[in-house]
Amino acid sequence: MKLFQAPVVGGNNPCACYAKGAAPALCWKAGLPGSSGRGLAGSHTAGFSQELPFKVGPFYFRLVGPGDVAHVRCIREACGQETGPDTWGASMQVKQQLFRRYDDNPILVPGQWSHTVNAVFNAGAVTFEGETLLLVRVEDRSGISHLSVARSSDGYTNWRIEPEPSFQMDPGRYEEAWGIEDPRITQCGDEYMVVYTGYSRGGPLVCLASTRDFRTFERRSTLMPPDDKDAALFPCQFDGRWALLHRPSSSMDLAGRVGAQIWLSWSPDLRHWGDHTILVHARRGGWWDANKIGLGPPPLLTEYGWLILYHGVRTTVAGSIYRLGIAMLDRDNPGLVLVRGNEWVFGPESEYERSGDVPDVVFPCGWILEDDRRTVRLYYGAADTTVCVATGDLGEIIGYLYHHCICGHLHEPGERCPVAASEPVEVTGNF
Ligand code: BMA
């Protein structure tokens, strides 16, 4: 079934779709929390149930979808008529929030630090000694960043901030001459691998340090030369090799286009890297993730593969907008993109995301899957000024992803989309 997306019709991100030709004739779908239709807004929710078709205008719809992610699909047998593209399900609305902001955001602000700092943002996140530990990028009034540890027993409140910087740049190292930034933490046994951006005199590059206690950090090696950033390790080896996601940027690619894409590289020993391949391509033109994309937190292992969250940068006359999208990589071979979401799933909306040192930025470097194996806490920098948190439901996120692939088709979880990994990916130009 081929879906064509209608213009946004209201609510936060409603998605109305029209299926050309074969049944179903009209489809309107959206990832919704819970299977009961909770989260629907508007006047067409009456009689909304998993089993019974419900009618909107001339169309009958039924709830479909895996797990407890609700989707709404037109049942052509029931409505029994072809529809034209001018008959979008425009009267239906859905309030769709895959990641829900914590009410008391921001959770960390510069004023909480015992010394004067300009901004606290882009924190790596991990569960350590039964608590949530954030390794926060702290920019002081010199403009240079270091990393500081903050801990909380519930991951939202009562943060205890180390009075001294936890991991400082080494001014004697070319790689870190202008600071260290944006850590992503991967736990490997009882060791924590911290992949961070070194701001070198030659531009940003990718560095690795390890720690067991978040008090002392051992510099391991420089993983990638400039310009490269937005990197994280997988927590396991694949056939004896480590895998790194990272984002080299070039002023021009082979086709003569400017671009920054997510790459995958391999190493037997965390020192020697090779087999570099482009994994996720930035789209072109007007897409939210055109030209420049980069990994957010480290990949998260799910029953369907490695879930990745990445940022896309939209350049406008008023500046850049950083938004987030999702994709799934194969569990055994992370070089395979299984599906890739078409639209952004989180973007700057709140005042604390829309204004600050760098307006219109949400920039996550860490997420934590809670013990229930469903709740994901996403830690992100807001406007390069504060640290915030939002929560999502893993089943809901995955269900949404498989129903909002860039190819325009509905996939069942576990399927591999032949389009998602290819370039150019804007093949469904009718979106
Ligand atoms: C990126 C990184 C991030 C920053 C973002 C928005 O390139 O430098 O540290 O949050 O830009 O300014």
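Remember, it's 1-based here, ligands and their atoms both numbered in the order they're listed. Side chains are part of it too, since the values below use all heavy atoms of this structure and drop only hydrogens, waters and symmetry mates.
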Note to self: Quick check: Y380 with F363 (ring centres under 6.0 Å apart)?
What the structure shows: no
Note to self: Centroid separation under 6.0 Å, is that true for the rings of W344 and F99?
What the structure shows: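 F99 vs W344: aromatic centres not under 6.0 Å.
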Next item on the list: Show your working on side chain to side chain contact (heavy atoms under 4.5 Å, CB included) between R184 and M193 and close with a plain yes or no.
Entry: CA-CA 8 Å; R184 275 86 168 181; M193 300 295 184; over 6 Å; no
Next item on the list: Evaluate the criterion side chain to side chain contact (heavy atoms under 4.5 Å, CB included) for residue pair F346 and R101; output intermediate values, then yes/no.
Entry: CA-CA 10 Å; F346 195 73; R101 289 169 178 80; 3.5 Å; yes
Next item on the list: With sequence neighbours left out, write down each residue that passes salt bridge (Lys or Arg N to Asp or Glu O under 4.0 Å) with R247, or none if nothing qualifies.
Entry: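 Salt bridge (Lys or Arg N to Asp or Glu O under 4.0 Å) check on R247 returns D230.
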Check: Which residue supplies the protein heavy atom nearest to atom 11 (O) of ligand 1, what is that atom called, and how far is it?
Finding: Y322 OH, 3.1 Å
Next item on the list: Report the nearest protein non-hydrogen atom to atom 6 (C) of ligand 1: residue, atom name, distance rounded to 0.1 Å.
Entry: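 In this structure, atom 6 (C) of ligand 1 has D384 OD2, 3.5 Å as its nearest protein heavy atom.
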Notebook entry, point to check: Against heavy atoms of D182, which atoms of ligand 1 measure under 4.0 Å?
Noted result: 2 (C), 3 (C), 9 (O)
Next item on the list: Say whether K229, considering both its backbone and side-chain N or O atoms, lies within less than 3.5 Å of an N or O atom on ligand 1.
Entry: yes
Note to self: Is the contact between N122 and ligand 1 made by the side chain, the backbone, both, or neither, using heavy atoms and a 4.0 Å cut-off?
What the structure shows: side chain
